[in-house]
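Remarks on the structure that follows.
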Amino acid sequence: MTIEQEIKIRESYAYDDGFTEGMSQGKIEGISQGAHDKAVETAKIMLANNMNVSLVVKCTGLTEEEVGQLGKEH
């Protein structure tokens, strides 16, 4: 095997590894964003039902600031 062939093979493996890592990271970020979106949706429902901010924070895991912003939207 020539040096050029070896380099091409190694580049191919590096690309495959990078692609796989990128896909995994993207999947993790997507799941995290989906969980946050669901927490926001739940918080909006709770606020619409006149639940207090501290309970919404406790139940959703959102910050007090995030919940406060949602309260201003209503």
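All values below come from the heavy atoms of this structure, side chains included, with hydrogens, waters and symmetry mates left out.
Of the charged side-chain nitrogens involved, none lies within less than 4.0 Å of a carboxylate oxygen, so that E41 and K44 do not count as a salt-bridged pair.
Taking CG of L70 as the reference point, atom OG1 of T42 lies at 11.0 Å (rounded to 0.5 Å). Atom CE in M51 sits 13.0 Å away from atom NZ in K58 (nearest 0.5 Å). Taking CG from L62 and NE2 from H36, the interatomic distance works out to 5.0 Å, rounded to the nearest 0.5 Å.
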* Derivation and outcome, side-chain contact (heavy atoms from CB on, under 4.5 Å), residues I9 and M1 -> CA-CA 11 Å; I9 290 171; M1 177 180 303; 3.7 Å; yes
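Smallest separation of non-hydrogen atoms from E64 and V57: CA-CG2, 3.7 Å.
Side chains of T60 and E66 form no contact here, defined as non-hydrogen atoms less than 4.5 Å apart.
For the side chain to side chain donor-acceptor pair (under 3.5 Å) condition, the pairs that include at least one residue of residues 16-25, sequence neighbours left out, are Q25-E29.
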